[in-house]
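Scroll down for the structure; my scribbles are underneath it.
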Amino acid sequence: MAFTLQRVLISDNVSPKCAEYLQSNGIAVDTKTKLTKEQLIAEIPNYDGLIVRSATKVTAEVIEAGSNLKIIGRAGTGVDNIDIPAASKKGIVVMNTPGGNTLSAVEHTCAMISCLARHIPQAHRSLKEGRWDRKVYMGTELAGKTLAIIGLGRIGREVAKRMQSYDMTTIGFDPLVSAEESAEFGVEWLPVEQIWPRADYITVHTPLIPQTKGLIGEKSFPVCKKGVRVVNVARGGIIDEDALVQALESGQCGGAALDVFVEEPPTNAALIQNPHVICTPHLGASTTEAQTRVAVEIAEQFVDAVQGKSLFGAVSD
Ligand SMILES: NC(=O)C1=CN([C@@H]2O[C@H](COP(=O)(O)OP(=O)(O)OC[C@H]3O[C@@H](n4cnc5c(N)ncnc54)[C@H](O)[C@@H]3O)[C@@H](O)[C@H]2O)C=CC1
Ligand SMILES: O=C(O)C(=O)COP(=O)(O)O
């Protein structure tokens with residue numbers, strides 16, 4: 001299936017290498033970031049292609065307004081900000097670049113786990129504020145602790161391999177990955193209900209879908225070890241934010257490291273201001289290397305699709 005593509009809108013902060021590649025293949029590109037919903041709806045009829053990261057919400061309304069839209073590209077992994085059924089209904093191809101930012105998300109997760117163990121962000125702030133709090137920030141070792149990984153796909157399994165080098169025991173659950181395959185990367189596969197009581201740390205690496213919304217929530221926290229620490233570098237809402245606040249306040253949860261939030265930027269002050277929460281503003285994929293990779297990959301995929309060469313990276317509902 002080959003088609004023509006005349007003008008692409010890049011509506012998020014994507015590396016300029018994306019526009020350069022598209023333009024060198026005869027496709028016009030406009031970059032307009034931080035558009036309001038109304039501005040995007042007004043602009044979209046002028047384009048037959050759209051490229052986004054996670055900030056732009058490509059809702060059914062936007063897709064409906066995109067009367068000339070043929071292709072939507074996600075320079076990154078998660079496509080939960082794109083209404084894929086609405087796009088499919090209109091015959092619009094949706095593509096992502098899974099893999100291009102995997103290593104960056106993995107390394108961010110590992111850094112978050114280390115920060116949780118040693119209170120590095122809190123100690124850093126305290127020292128900058130003029131204190132010398134050596135007692136307050138007593139930490140714990142990662143060696144000998146159990147890390148549970150929910151979602152053993154591209155990111156989950158690479159987090160496991162890296163944290164094994166800290167002598168952590170890695171256990172995990174994924175409905176599509178077998179116990180045999182998990183053993184190949186050193187993870188003991190367990191049914192999810194057997195995970196909770198064993199974990200000292202839990203990190204989630206699933207997409208946000210109905211089955212994973214609130215996966216860690218008011219039912220799972222009470223059956224976890226007291227003081228369990230949780231990490232979310234996947235999607236806001238996989239760990240239920242209200243249940244997390246309650247668990248942090250009761251001490252059932254000993255700390256949380258969050259890169260993603262139900263609302264971004266987050267408005268949940270009880271969560272963000274909790275002293276046991278460390279957080280980053282959705283930085284998992286924000287490295288020079290990952291941003292170059294995903295920008296080039298999505299541009300190449302667009303050009304290949306236009307030329308009818310391949311629909312690599314296409315996502316369907
Ligand atoms: N914070 C950030 O900047 C970044 C976040 N991400 C997010 O990380 C997540 C994972 O990405 P990848 O590892 O590349 O995806 P992947 O598709 O390779 O792996 C996801 C795994 O989750 C599993 N899964 C689905 N439902 C599950 C359930 N109910 N319980 C346990 N496992 C389940 C799938 O079977 C799959 O193996 C995505 O949500 C993605 O958007 C990815 C890159 C950067
Ligand atoms: O690729 C993903 O799923 C991410 O969450 C990265 O999001 P971003 O492209 O940094 O807005």
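We're numbering straight along the sequence, starting at 1. Ligands are counted one by one from 1 in listed order, and the atoms in each one are counted from 1 as well.
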Any nitrogen or oxygen of Ser54, side chain or backbone, less than 3.5 Å from one on ligand 2? yes
of all protein heavy atoms, closest to atom 1 (O) of ligand 2 is Thr77 N, 2.6 Å
Would you check whether Gly78 has a nitrogen or oxygen atom less than 3.5 angstrom from a nitrogen or oxygen atom of ligand 2? yes
Heavy-atom closest contact (Val228 atom, Ala199 atom, distance): CG2-O, 3.7 Å
Looking at Gly284, which atoms of ligand 1 are within less than 4.0 Å of one of its heavy atoms? 1 (N), 2 (C), 3 (O)
Out of Thr77, Asn96, Asp174, who gets a non-hydrogen atom closest to atom 21 (C) of ligand 1? Asp174
I want to know if ligand 1 touches Asn101 in the polar sense, i.e. an N/O pair below 3.5 angstrom. no
Out of Ala105, Gly172, Pro175, Gly236, who is nearest to atom 33 (C) of ligand 1 when you count heavy atoms only? Pro175
Any salt bridge (charged side-chain N to carboxylate O under 4.0 Å, His left out) pairs touching residues 82-104, not counting sequence neighbours? none
Would you say Thr206 and ligand 1 have an N/O pair spaced under 3.5 Å apart? yes
Quick check: does Leu176 get an N/O under 3.5 Å from an N/O on ligand 1? no
Check Ile155 against ligand 1 and report side chain, backbone, both or neither, counting heavy atoms closer than 4.0 Å. both
Looking at non-hydrogen atoms alone, which of Asp80, Val233, Val159 comes nearest to atom 6 (N) of ligand 1? Val233
Short version for Asp12: what comes under 4.0 Å of ligand 2, heavy atoms counted, is neither
Would you mind checking if Glu158 and Arg154 are paired as a salt bridge, meaning a charged N to carboxylate O distance below 4.0 Å? no
Who pairs with Ser54 by side chain to side chain donor-acceptor pair (under 3.5 Å), at least two apart in sequence or on another chain? none
Would you mind checking which non-hydrogen protein atom is closest to atom 2 (C) of ligand 2, with the distance to 0.1 Å? Arg74 NH2, 3.1 Å
N or O contact, His282 vs ligand 2, cut-off under 3.5 Å: yes
